[in-house]
Amino acid sequence: MPELPEVETVRIGLAALLPGRRVAAVDFDWPKGFPNSDADVQAHLVGARISAVKRRAKVLLIELDSEYSLVIHLKMTGQLVFRGEQHFGAGHPNGSLVGELPDKSTRVTFTFEDGSKLFFNDQRKFGWVRLLPTVEVPAIDFFQKVGPEPLADDFTAEAFTERLRRRNNSGIKAVLLDQTVVAGIGNIYADESLWAAKIHPLSHVRDISDTQLRDLYAGLIKVLKLSIEKGGSTDRNYVDAEGKRGSYLTFANVFRREGKPCPRCQTTIVKLRVAGRGTHICPHCQVVPPEKKS
DNA sequence: CACTTGACCTGTCCGC
DNA sequence: TGCGGACAGGTCAAGT
């Protein structure tokens, strides 16, 4: 669901729609997901103008000229959908997967002074929104621990390998999903990049060669970039800032393709459970390497 | 320390 | 048709 490419797609959409808009009203009644007080919201959000929309890991940052920021995590079923005045109250625009808003999973509604609105929807309520002083954002627990951005210029194959080798005793899929190792990878892109590098998800890092880790790095960067290009992966819930679905899953090689042939060797793809997650592999291309003594 | 499991939620799907 | 249970999978906390 929302992993790095999906959150980046939302960011790109919002960055084209939000900057310059002034917040006129905020409707929320969700203390668990959006714990700020009414007074906080009135003082630092209402009346403020959006200056930028950024992303770090799977977290969106909407910066305001009040020197506060909205910090938003979509977790599994979160959506941020913008509706301009022309759409509002008149059904949903063409191509949107989402119907009339607000709906029963709308948790927060931001209304701008021109009448346009931004809806935060989250069926399962795992997501969250925080209003924080912008200077305090890097200090939140998650950002203190999270690893490097995989698409940053300085995140080389060497940097990737060096960080993975610190977790030599762990299973590779668990390591890829660990946000403190590398930011932004979730279940979809872990499976896709492991398939690309022909690595079994249960392999211990120590048993994977440097060459294979280099292939994994290359595969990861490739699937992340391709997915951003395709607007992310829509399985059930994920939509972009305009409520539209992403098409990456059309290009997926293993994810959610159990029972179908491996695009490389035609062997039937199977689904396993690894690190508590549904995990998709080609049992021919991806085999557990022999254990190395350590 | 590292790994696994459960919790957080709601909606959907499957079998009986 | 109704109903219970499994499942979806990001992150944190607690347990082994």
Side-chain angles (χ1 to χ4, degrees), chain A residues 1-11 29-35 55-60 71-80 97-99 102-108 120-130 140-147 149-150 163-194 201-207 224 227 232-239 245-246 248-249 252 254-259 270-281 288 291 294:
Chain A
M1 311 231 142
E3 304 180 25
L4 187 153
E6 289 72 32
V7 179
E8 180 62 13
T9 300
V10 173
R11 187 201 67 76
D29 181 13
W30 185 29
K32 218 162 177 173
F34 188 8
R55 177 191 62 76
R56 171 76 171 101
K58 298 172 189 169
V59 178
L60 278 163
V71 185
I72 300 175
H73 201 309
L74 303 174
K75 289 287 183 87
M76 262 126 58
T77 56
Q79 305 172 325
L80 274 170
L97 200 61
V98 184
D103 66 19
K104 64 181 172 180
S105 64
T106 300
R107 310 299 173 199
V108 185
F120 181 76
N121 277 14
D122 188 7
Q123 178 187 106
R124 289 171 72 179
K125 301 184 186 173
F126 286 176
W128 47 260
V129 180
R130 301 278 186 280
I140 70 173
D141 286 351
F142 182 81
F143 286 149
Q144 286 295 301
K145 294 182 298 184
V146 76
E149 287 292 320
R163 291 190 74 82
L164 293 214
R165 289 288 180 216
R166 295 185 202 177
R167 298 286 301 277
N168 249 345
N169 294 322
S170 305
I172 184 65
K173 179 151 179 180
V175 174
L176 287 178
L177 293 175
D178 186 339
Q179 300 299 297
T180 70
V181 177
V182 180
I185 307 169
N187 208 34
I188 300 170
Y189 304 103
D191 282 6
E192 289 294 305
S193 57
L194 287 168
L202 286 170
S203 308
H204 288 279
V205 176
R206 80 169 92 85
D207 298 325
L224 293 177
S227 185
S233 296
T234 295
D235 189 14
R236 347 173 35 86
N237 285 276
Y238 166 73
V239 292
R245 52 193 302 131
Y248 175 80
L249 286 187
V254 283
F255 190 81
R256 284 290 163 84
R257 298 191 74 247
E258 60 270 31
V270 297
K271 185 171 177 181
L272 334 164
R273 207 149 183 93
V274 176
R277 310 292 174 74
T279 297
H280 313 75
I281 66 160
V288 186
E291 293 213 5
S294 62

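Protein chains get the first letters and strands the later ones, always in sequence-line order, with residue 1 at the start of each.
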So which protein N/O to nucleotides 14-16 of chain C N/O distances come out below 3.5 Å?
none

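- Across the P atoms, C:dA8 and B:dC3 are found 22 Å apart, a figure rounded to whole Å.
- Every residue two or more places apart in sequence or in another chain that forms a side chain to side chain contact (heavy atoms under 4.5 Å, CB included) with A:T234 is listed here: A:L97, A:Y238, A:R245.
- Residues meeting the side chain to side chain donor-acceptor pair (under 3.5 Å) test with A:T77, sequence neighbours left out: A:D122.
- Residues passing the side chain to side chain donor-acceptor pair (under 3.5 Å) test with A:Q179, sequence neighbours excluded: none.
- Take A:D103 and apply the side chain to side chain contact (heavy atoms under 4.5 Å, CB included) test, not counting sequence neighbours, and it matches A:V98, A:L101, A:S105, A:T106, A:N121.
- Look at the P atom in both C:dT11 and B:dG11: the space between them is 22 Å, to the nearest Å.
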Which letter, B, S or -, goes with each nucleotide of nucleotides 6-11 of chain C from 5' to 3', with contact meaning a protein heavy atom under 4.0 Å?
--BBBB

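- Partners of A:A275 under the side chain to side chain contact (heavy atoms under 4.5 Å, CB included) rule, at least two apart in sequence or in another chain, are A:A174.
- One P atom belongs to B:dC9, the other to C:dA14, and the distance between them is 16 Å to the nearest Å.
- Once you apply a 4.0 Å limit to the heavy atoms of chain A, the touched nucleotides of DNA chain B run 5' to 3' over B:dA2 to B:dT12.
- Checked against salt bridge (charged side-chain N to carboxylate O under 4.0 Å, His left out), A:K58 has no partners two or more places apart in sequence or in another chain.
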For DNA chain B, what dot-bracket results from Watson-Crick or G-U pairs at under 3.5 Å, with [ ] for crossers and | for inter-strand partners?
.|||||||.|||||||

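- Checked against side chain to side chain contact (heavy atoms under 4.5 Å, CB included), A:S227 has the following partners two or more places apart in sequence or in another chain: A:P5, A:E6, A:Y189, A:S233, A:Y248.
- Residue pairs meeting the salt bridge (charged side-chain N to carboxylate O under 4.0 Å, His left out) criterion with at least one member in residues 176-188 of chain A, sequence neighbours excluded, are A:R167-A:D178.
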